[in-house]
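Since the structure comes first, as C-alpha cells, the remarks are kept for the end.
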Amino acid sequence: MVTLEDVARQAGVSLATASRVLNGSTRQVGAELRARVERAADELGYRANIAAQTLARGASNVIGLVVHDLTDPYFAALADGTMRAAAGEGLLVMVGTTHRDPEQEIAYVATLHAQRVRAVLLAGSRVADPEVTGRLRQEIARYLDSGGRVACVGQDLLGVDTVAPANRAGAAALARALAELGHTRFAVLAGPPQLMTAADRCAGFVEALDELGLPEPRVVHGAFDRDGGYAAASQTGDATCVFAVNDVMAVGALAAYRERGVRVPQDVSVAGFDDIATLRDQVPGLTTVRLPLKDMGARALELALTAEEAAVVEQVTGEVVLRESVRDVREAR
C-alpha cells in the first residue's frame, strides 16, 4: 500500500507538506511544491481519503502533547507554554508522558491519531536508534495521512516542523565562559550516551575545551535526572568545575556534594543547562544555559497551526547565565 511518506519521499518534500497538499488542508502550499506532490501521488497511485480531508479542515479542537517526564521541570515549562498558547486559540490540550520510553511515544502518536486530535506535539530528545526513529516517522506519516498536523521540540529527525534547541552550541559557549574564569580541570555529568540531547551537550562542551587547548574532561554517564546527577557526582575526581548536562542533574550533584561536606563553589564549581525557573532559588545560584522553554512550547504549537510551504526548523540559541555556583579561580592560580 502506498503511504503518504512514500509520496513525500518521491516528491522530495516533508511529510507535513505532502499532507497539506493531499488532505485538503486550509494551509497554503506554493504552486511548484503542490505540483511536485500531486505528480508523485499520481505516479505512485496514492489516493487521499475523505476522513483525512475532514480532519485537516479542523474538525477537532484538541491538541495532543507528548512529553518525556512531567515531573521534570523542563517539560513542565514546555507544557505550560503550549497550554497557554492553546487557550488563546480556543484549543484544549491532552498531555501524555512517556517516561522516556520511545515505544510509548510511538504508541501515543497512534492513540492520538485514533482519537482524531487536530495536532500532535512531541517534546523531548530523540534516541540514537535509527530503527526506533524510523518507526516513529512511519506512525507520524499515518497520522499526517489522515489530515493531522505534527510539530516537535527536539532534534530535526522527524520531517515535521521543529523547534530545535542549539544544545551543542550552548554547551560550547558555557565551556568557554567557564574556561575564562580560570578553570582547567573539568568533569561532565553526561547523562545516557544514547540520548541525543545529552550527547550533543556533552560533545559541544568537550569540543570547546579541546579547541581551547585544555585537558579532556572526565565524562561520567548516568541517568538524565536528579538521581543520575547525585550518583555521578562521586566520580568527578579532581575536577575544579563540573558540568551537568541538565539542571536537574546539577541539583542532584549539589545535594551529593553537600552531604559529603564538599563546598560549592569553594571546593568545586557546578554548572547545568536549561535554566529551570523553579530552580532559580537554589543556593548557591546555579550557573547554566538559559533556554526560553515556555516560548519554545508556544512556538511548537504555532508551527503546527500556521501555513508554511515546507517543514520549518527553528534553532533556539541558549544564553549562558553565570551565578554563584561557579567560582572565579583566576586570582587563586
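Just so you know, these numbers use all the heavy atoms, side chains as well, and skip hydrogens, waters and symmetry mates. All of these numbers come straight from a predicted model, not from anything done at the bench. Residues: numbered from 1 along the sequence shown.
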- Query: Any sub-3.5 Å donor-acceptor pair from Arg299's side-chain atoms to Val153's backbone N or O?
  - Reply: no

- Message: For Gly297, is there any backbone N or O sitting under 3.5 Å from a side-chain donor or acceptor partner on Thr82?
- Response: yes

- Query: Which heavy atom of Val245 sits nearest a heavy atom of Gly191, and at what distance?
  - Reply: CG2-N, 4.0 Å

- Give a yes or no answer on whether the side chain of Thr287 reaches the backbone of Arg323 with a donor-acceptor pair at less than 3.5 Å. yes

- Over all atoms of both residues, closest heavy-atom pair of Arg36 and Ala11: NH2-O, 2.8 Å

- Message: Classify the ring geometry of Phe186 against Phe205: parallel below 30°, tilted from 30° to 60°, perpendicular beyond 60°.
- Response: perpendicular

- Item | Straight-line distance of Cys202 SG to Arg168 CZ, nearest 0.5 Å | 9.5 Å

- Does Ser325 use its side chain to pair, donor to acceptor, with the backbone of Val270 at less than 3.5 Å? yes

- Item | Minimal non-hydrogen separation, Ala18 against Val37, with atom names | CA-CG1, 4.1 Å

- Item | In one Ile/Leu/Val/Met/Phe/Trp/Tyr side-chain cluster, 4.5 Å: Val316, Leu174 | yes

- Message: Can a donor-acceptor pair be found, under 3.5 Å and without considering hydrogens, that links the side chain of Arg126 to the backbone of Gly154?
- Response: no

- Message: Any side-chain to backbone donor/acceptor pair from Tyr108 onto Val95? Under 3.5 Å, distance only.
- Response: no

- Side chains of Asp200 and Thr197: do they bring a donor and an acceptor to under 3.5 Å? no

- Is Arg258 reaching over with its side chain to a backbone N or O of Val264, donor-acceptor style, under 3.5 angstrom? no

- Message: With rounding to the nearest 0.5 angstrom, report the CG to CD distance, Leu195 to Gln155.
- Response: 7.5 Å

- Item | Side-chain donor/acceptor of Asp275 to backbone N/O of Val289, under 3.5 Å | no

- Item | Minimum-distance pair of heavy atoms, taken over all atoms of Phe273 and Asn167 | CE1-O, 3.8 Å

- Item | Side-chain donor/acceptor of Thr240 to backbone N/O of His183, under 3.5 Å | no

- Could Arg135 and Glu103 be called an ion pair, given the rule that one side-chain N must be under 4.0 Å from one carboxylate O? yes

- Item | Heavy-atom pair with the smallest gap, counting every atom of Ala123 and Leu78 | CB-CD1, 4.0 Å

- Considering only NZ, NE, NH1 and NH2 on the basic side and carboxylate oxygens on the acidic side, decide whether Asp72 and Arg100 come within less than 4.0 Å. yes

- If Ile, Leu, Val, Met, Phe, Trp and Tyr residues are connected whenever their side-chain heavy atoms lie under 4.5 Å apart, and connections chain through other members, are Val132 and Leu157 in the same group? no

- Ignoring hydrogens and geometry, is there a side-chain-to-backbone donor-acceptor pair from Thr162 to Val160 under 3.5 Å? yes

- Message: Strictly below 4.0 Å, N to O, side chains only: are Arg9 and Asp6 in salt-bridge contact?
- Response: yes

- To the nearest 0.5 Å, what is the distance between CD (Glu89) and CG (Asn61)? 12.0 Å

- If you group Ile, Leu, Val, Met, Phe, Trp and Tyr by side-chain heavy-atom gaps below 4.5 Å, do Val13 and Leu44 land in one group? yes

- Task: Any chance you could measure Arg176, atom CZ, to Glu211, atom CD, to the nearest 0.5 Å?
- Result: 7.0 Å

